[in-house]
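First the structure, in the form of C-alpha cells, and then the observations on it.
Below, all heavy atoms of this structure are taken into account, side chains as well, without hydrogens, waters or symmetry copies. Not measured: the values here are computed from a predicted model.
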Amino acid sequence: MSTDPSPSNADLSNWRTAPFSRWAFHNIRAILPVADIESAPGSAWTLPSSLVSFDDFSVRLPKGGTLDLDGFLKATATDGLLILQDGRIVFEMYDGGTDRDTPHILMSATKSITGLMAGILAGRGELDVDAEVTRYVPEVAATAYRGATIRQLLDMRAGVVFDGAGLQAYADAAGWEPVAPRTTPNLHDFFETMRAQAIPHGGTFSYVSANTDLLGWAIERATGRSFASLVSTLLWKPMGASGEAFITLDRKGAPRCTGGFCATLRDVARLGQLVLSGGRRGSHTIIPEGWLDDIRHNGDAQAWRDGQWRDSFAAISRNMHYRSGWYVINDQPQLMFAMGIHGQNLFVDTSNDIVIAKVSSWAQPVDGQAIWLTHQAVAEFTRHLKETG
C-alpha cells in the first residue's frame, strides 16, 4: 500500500494511522458520517490580534538538550497552535494542510465540551446530574451501569470494567473502524446488551470513554433534542463561533460525544476564552459560573491520586483532579485543560488570562514525551507572556 497521506489513500481502515491521519484529522467528513453544528459567523466573538515574538522560547528534553519553538512544534506534530492573552491572539500557526478555516477532530477533548453541555442543561433544569443514568436511559438497567449517576459518568467514577472483548465491541459500535459486512453495530445497541464487570460506583478515577457516549444519550433523552442541535443553540452560536463544526455519528446516527467533535482552532480558542470569562460573553451567561467553579474546585483529588493515571501524570503534577470532563492541575497557577489522543488540547489559565489551543497528529495515540513537552511548553509560553507583559 502507498504511504502517501492523500485523500485517495485515507479511509476507514487507516485514518487514525500515520501518515494518513494527518490528512484525515482535518478531513473527517470524507471518512465518517457527521451531524453539523451551526455557528454564528455574523456575530462572531472578535479575536483581535497582537502578535508576540517567542524567539527566546526554549523547552528542555528529558534526556538533555533543548527545543526552540519550531523544534517543539515539529516534535509534537502540531497541526495548529493558537494562544490568547487578555482575549487577543498573540500567536497563531498552522501546518499539515490545516488552516484557520479547517475543522480538526478534537478526539477526547470532546468530553470537555460534553461536560459543559451537561452544566448548561443542569442550569436550565433539564438535566439532573445527581440522578441515576437509568432515569434517562432505562435500557441500561440490566448492565454494569445500573446505579451509576450522571455525575459519576461525568467524573469517570462509574464502576464499569471492560475486558478486551468488551472494548472491541464498543469500538465496533462507535463506527470508527471497519466491521464485518452486513452488520450495523451501534452505540445504543451496545449499551443495551453490553457485558462488563460491575464494581461499586463512585470509586477512584477510571477512564472509560463509553461513559461519555452514554452521557450523550442521556442528554438527548432528557431534552428530546439531538446533541448537535443542543450544542449549536446553547453553546456554539451564543459563544460566537464562526467556523464549520460537526460531530461524528455511529451507523444509526448517535453522536460520538466522547471523541467526535470537530471544529476550527479559532473556535476552540473561543471556547477556552468563554471558560476563562466565567461562562459569559459580555453580559450574557452561556455556561453557569457555578458549574465552572465546581470544575475548578470540587473534583475529588483522592480519587485521582488513587486512580488509573496517577503515575502517568506524576512528572507533570501530583496535585490534580478530574471533573466534568476537564483535567485540573491545582498547582499555582491553577490550570484547566481538555485533552484528546494524538495531541489535542485546550488549556485555560484564569490567573494569567491565557488560553492555549493545540491540535496535532501524533503518530501514537498516547505519546508520553509529547504530553510532557506540551505541558513544558505551556509553562514556557506563560513565563514569556508574563515577562513581556
Side-chain angles (χ1 to χ4, degrees), residues 45-60 67-70 72-73 76 78-94 100 104 106 109 112-113 115-116 239-241 263-282 286-287 289 292-293 295-297 313 316-317 319-321 323 325-340 343-360 370-389:
W45 188 331
T46 302
L47 296 176
S49 181
S50 181
L51 298 181
V52 171
S53 170
F54 288 96
D55 290 341
D56 68 343
F57 178 95
S58 178
V59 293
R60 61 183 178 86
L67 293 174
D68 62 8
L69 179 54
D70 188 60
F72 160 72
L73 296 172
T76 57
T78 306
D79 294 331
L81 177 67
L82 193 153
I83 304 174
L84 300 177
Q85 183 184 35
D86 300 324
R88 305 175 68 87
I89 297 174
V90 297
F91 184 84
E92 184 175 22
M93 63 77 61
Y94 300 94
R100 67 174 57 177
H104 193 289
L106 303 183
S112 302
I113 298 174
L116 295 179
M239 179 184 77
T264 66
L265 191 63
R266 285 196 170 196
D267 284 342
V268 175
R270 287 183 172 102
L271 181 67
Q273 189 65 34
L274 179 66
V275 171
L276 188 148
S277 301
R280 296 182 302 276
R281 181 188 178 193
I286 300 170
I287 306 165
E289 186 171 13
L292 297 174
D293 287 341
I295 290 173
R296 293 189 180 101
H297 303 300
F313 277 84
I316 295 170
S317 176
N319 186 18
M320 292 182 63
H321 69 258
R323 186 73 163 175
W326 289 82
Y327 301 84
V328 182
I329 295 176
N330 291 305
D331 301 327
Q332 294 299 323
Q334 187 188 63
L335 187 68
M336 291 175 59
F337 66 99
M339 179 175 66
Q344 325 315 322
N345 276 122
L346 175 61
F347 297 93
V348 179
D349 177 351
T350 55
S351 297
N352 294 302
D353 204 8
I354 293 172
V355 171
I356 300 176
K358 185 179 190 293
V359 291
S360 316
I371 293 172
W372 185 84
L373 280 173
T374 299
H375 281 261
Q376 292 294 308
V378 168
E380 176 68 359
F381 288 130
T382 301
R383 178 200 65 78
H384 182 95
L385 291 171
K386 288 173 66 176
E387 289 182 357
T388 58

- Message: Working note: Ser53 + Asp55, criterion side chain to side chain donor-acceptor pair (under 3.5 Å); need CA distance, chi angles, decisive distance, verdict.
- Response: CA-CA 6 Å; Ser53 170; Asp55 290 341; 2.9 Å; yes
Self-check item: Side-chain heavy-atom pair Thr46, Pro48 within 4.5 angstrom cut-off
Solution: yes
Closest non-hydrogen atoms of Leu276 and Val355, given as atom of the first, atom of the second and distance, are CD1-CG2, 3.8 Å
Ile295 vs Val275 side-chain heavy atoms within contact, under 4.5 Å: no
Here the gap from Phe91 atom CZ to Gln85 atom CD, rounded to the nearest 0.5 Å, amounts to 14.5 Å
The reported gap from CG in Leu274 to CD1 in Ile287 (rounded to nearest 0.5 angstrom) is 4.0 Å
Take Thr382 and Asn352, measure what side chain to side chain donor-acceptor pair (under 3.5 Å) needs, and give me the verdict at the end.
CA-CA 8 Å; Thr382 301; Asn352 294 302; 5.3 Å; no
Closest non-hydrogen atoms of Ser360 and His104, given as atom of the first, atom of the second and distance, are O-CE1, 3.3 Å
Heavy atoms of Met93 and Leu265 approach each other most closely as O-CD2, 4.5 Å
Taken to the nearest 0.5 Å, the spacing of Ser49 OG from Glu92 CD works out to 7.5 Å
Nearest heavy-atom approach of Ala357 to Leu346 is CB-CD1, 4.0 Å
With Gln273 as partner, the option from Val268, Val348, Asp86, Asp353 fulfilling side chain to side chain contact (heavy atoms under 4.5 Å, CB included) is Asp353
In Thr374, Asn345, Thr78, the residue satisfying side chain to side chain donor-acceptor pair (under 3.5 Å) with Lys358 is Thr78
Here the gap from Ile286 atom CD1 to Leu116 atom CG, rounded to the nearest 0.5 Å, amounts to 11.0 Å
d(Ile329 CD1, Ser317 OG) to nearest 0.5 Å is 5.5 Å
Under a 3.5 Å distance rule, please check whether Gln334 uses its side chain to pair with a backbone N or O of Arg296 as donor and acceptor. yes
- request: Taking the side chain as every heavy atom from C-beta outward, state whether Arg88 and Val52 have any pair of such atoms under 4.5 Å apart.
  value: no
Q. With side chains defined as the heavy atoms from C-beta onward, is the minimum distance between Gln376 and Glu380 less than 4.5 Å?
A. no
Output for pair (Met339 CE, Tyr327 OH), nearest 0.5 Å, gives 3.5 Å
Heavy-atom nearest pair, Val359 first then Gln344, reads CA-OE1, 3.3 Å
* To do: Quick one: do Phe381 and Leu69 satisfy side chain to side chain contact (heavy atoms under 4.5 Å, CB included)? Show the steps, please.
  => CA-CA 10 Å; Phe381 288 130; Leu69 179 54; 3.7 Å; yes
In short, Phe57 meets Ala377 closest at the heavy-atom pair CZ-CB, 3.7 Å
*Phe54 and His384 aromatic ring geometry - parallel, tilted or perpendicular at 30°/60° bounds*: tilted
From the list Leu385, Leu51, Ile89, side chain to side chain contact (heavy atoms under 4.5 Å, CB included) partner of Ile83 resolves to Leu385
How are the rings of Phe337 and Phe313 set to each other: parallel, tilted or perpendicular (split at 30° and 60°)? tilted
Practice problem: Would you confirm whether Trp326, through its side chain, and Ser112, through its main-chain N or O, come within 3.5 Å as a donor-acceptor pair? | Solution: yes
